[in-house]
Protein chains: 2
Amino acid sequence: MSRKPEPKSYAETIHEKGFRFTDQRRAVYDALMNRRDHPTAVEVFMRVKGKVPSISLATVYNCLETLTGCGLVKTVNHDRESARYCPNLDEHAHLFCEGCGGVTDIPLRAKRRAHDIWELPEEVTISHHEISFRGLCPKCAKAAARKTTKSK
Amino acid sequence: MSRKPEPKSYAETIHEKGFRFTDQRRAVYDALMNRRDHPTAVEVFMRVKGKVPSISLATVYNCLETLTGCGLVKTVNHDRESARYCPNLDEHAHLFCEGCGGVTDIPLRAKRRAHDIWELPEEVTISHHEISFRGLCPKCAKAAARKTTKSK
DNA sequence: GGCATATCAAGAATAATTCTAAATAAAGCA
DNA sequence: TGCTTTATTTAGAATTATTCTTGATATGCC
């Protein structure tokens, strides 16, 4: 298949790690970058089918794993729901809305370190952390407030 | 079966919610409280079998759900691993050790509020949050440090 | 004790993800 | 360019944790 030149950044990142930048991997990566939301593997699969009709769900899982392994994408877990994937590499938490089911990125306030917030023993080494909130996103919270006001 | 008097606190909590405090539920609750660690449902099942040999895994799941519904136990999730259950009701995070596989409770430093740490939009309502760290617990971190020192 | 309801046990069913094996595609080299 | 080696993809089977279903038990209340 034909190849357009890619912005070096991520194509190179993949190559540096010893992986090939295939059409499938690009399509999966683009599916995330174009929307910058938090789709599940199945949702990515549906988006990608348009571009690479022959792609299989297993390949989507493979690609997502490769991309996370390269540090280009993050996995987002919440309770026992399907894993979601996030292209935002900045430090942030996630808010899972109980109203609309959406996921919102919540940035960390500047200069907060885990040790300032949590009583982490000195010795521990943190390789990864994940913070998730469940509640109502701004939109749903406002809608709920309106409803309550009216009914009273 | 025979019943010893229970400390009112949790037996009552269960009754208040309209549930019966059965032998199975007590055994599951005790399995958590006696060790105060973070077992999976299967681990709870194994512990409980000694006390209630006829118990089934499905019942352990049911009991754990009832107990969490009553606010006596918390569910702890990490990546896509099996859910774990935690009897510590204080505000805390969890450290999942990549060395020994153990889970450590990490208390919140006094008086930190989520809004101080995260750029949460004013309107949002948080009903629940979960913080998990992955890394090396103090014991494993020390062991790793020793090893590195020796080999150099 | 007898009735209504809650709970339990066993195994089937489900859902997300991973694994397997064969087919395809790409990269490296003659 | 053609050949070889290796990586990747595909489709479907397998796995794993959890939930659901159904009939059997146990409990609380009159």
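Letters go in sequence order (proteins before strands), and every chain restarts at 1.
As a member of the Ile/Leu/Val/Met/Phe/Trp/Tyr network built from side-chain separations under 4.5 Å, B/Ile106 groups with A/Leu95, A/Ile106, A/Leu108, A/Ile117, A/Trp118, A/Leu120, A/Val124, A/Ile126, A/Ile131, A/Phe133, B/Leu95, B/Leu108, B/Ile117, B/Trp118, B/Leu120, B/Val124, B/Ile126, B/Ile131, B/Phe133.
Distance, A/Leu64 CG to C/dT18 C1': 14 Å, rounded to whole Å. In this structure, the CZ atom of B/Arg20 is 4 Å from the C1' atom of D/dT27, given to the nearest Å. Atom pair B/Phe19:CZ and D/dG28:C1' shows a separation of 16 Å (rounding to whole Å applied). Rounded to whole Å, the distance from NZ on A/Lys17 to C1' on D/dA7 is 18 Å. Between the CG atom of B/Asp79 and the C1' atom of C/dT17 there is a distance of 14 Å, given to the nearest Å. To the nearest angstrom, P of C/dT7 lies 12 Å from CD of B/Glu65. Rounded to whole Å, atom C1' of D/dC29 lies 13 Å from atom NE2 of B/His15. Spacing between atom CD1 of A/Ile14 and atom P of C/dA27 amounts to 13 Å, rounded to whole angstrom units.
A side-chain donor-acceptor contact under 3.5 Å links A/His38 and A/Asp105.
Rounded to 10°, the angle separating the first-five-pair axis and the last-five-pair axis of the helix from C/dG1-D/dC30 to C/dA30-D/dT1 equals 30°.
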- [ ] Determine, step by step, whether A/Tyr10 and A/Phe21 satisfy the ring-ring contact (aromatic ring centres under 6.0 Å, His included) criterion, reporting the C-alpha distance in whole Å, the side-chain angles of both residues, the deciding distance to 0.1 Å, and the verdict.
- [x] CA-CA 9 Å; A/Tyr10 64 95; A/Phe21 192 41; 5.5 Å; yes
- [ ] Before giving the answer on side chain to side chain contact (heavy atoms under 4.5 Å, CB included), spell out for B/Asp23 and B/Lys51 the whole-Å C-alpha distance, their side-chain angles and the decisive distance to 0.1 Å.
- [x] CA-CA 9 Å; B/Asp23 293 305; B/Lys51 296 232 170 169; over 6 Å; no
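Ring centers of A/Tyr61 and A/Phe45: at least 6.0 Å apart, outside the cut-off.
Sparse packing is recorded around CD of A/Glu122, with 12 or fewer heavy atoms of other residues, nucleotides or ligands lying under 6.0 Å away.
Within the 4.5 Å cutoff, side-chain heavy atoms of B/Pro39 are placed close to those of B/Leu32. Between B/His94 and B/Cys86 there is a side-chain heavy-atom pair separated by less than 4.5 Å.
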Every protein N/O within reach of nucleotides 9-13 of chain D N/O, cut-off under 3.5 Å:
residue: D/dT9; atom: OP1; partner: A/Thr22; partner atom: OG1; Å: 2.6
residue: D/dT9; atom: OP1; partner: A/Gln24; partner atom: OE1; Å: 3.4
residue: D/dT9; atom: O3'; partner: A/Gln24; partner atom: NE2; Å: 3.1
residue: D/dT10; atom: OP1; partner: A/Gln24; partner atom: NE2; Å: 3.4
residue: D/dT10; atom: OP1; partner: A/Ser54; partner atom: O; Å: 3.1
residue: D/dT10; atom: OP1; partner: A/Ser54; partner atom: OG; Å: 3.0
residue: D/dT10; atom: OP1; partner: A/Ile55; partner atom: N; Å: 3.4
residue: D/dT10; atom: OP2; partner: A/Ser56; partner atom: N; Å: 3.2
residue: D/dT10; atom: OP2; partner: A/Thr59; partner atom: OG1; Å: 2.6
residue: D/dT10; atom: O5'; partner: A/Ser54; partner atom: O; Å: 3.4

I'd like a list of close polar pairs between nucleotides 14-18 of chain D and the protein, N/O only, cut-off under 3.5 Å.
residue: D/dT18; atom: OP1; partner: A/Arg80; partner atom: NE; Å: 3.2
residue: D/dT18; atom: OP1; partner: B/Ala83; partner atom: N; Å: 2.7
residue: D/dT18; atom: OP2; partner: B/Tyr61; partner atom: OH; Å: 2.4
residue: D/dT18; atom: O5'; partner: B/Tyr61; partner atom: OH; Å: 3.3

Please table the atom pairs, donor to acceptor, closer than 3.5 Å between any side-chain atom in residues 64-78 of chain A and protein atoms at least two apart or in another chain.
residue: A/Thr66; atom: OG1; partner: A/Asn62; partner atom: O; Å: 3.0
residue: A/Thr68; atom: OG1; partner: A/Leu64; partner atom: O; Å: 3.0
residue: A/Thr68; atom: OG1; partner: A/Glu65; partner atom: O; Å: 2.8

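Among pairs with a residue in residues 131-140 of chain B, those fulfilling side-chain hydrogen bond (donor to acceptor under 3.5 Å, both in side chains) read B/Asp79-B/Arg134, B/Glu98-B/Arg134, at least two apart in sequence or across chains.
B/Asp37 has a carboxylate O that lies under 4.0 Å from a charged side-chain N of B/Arg47, or vice versa, which qualifies the two as a salt bridge.
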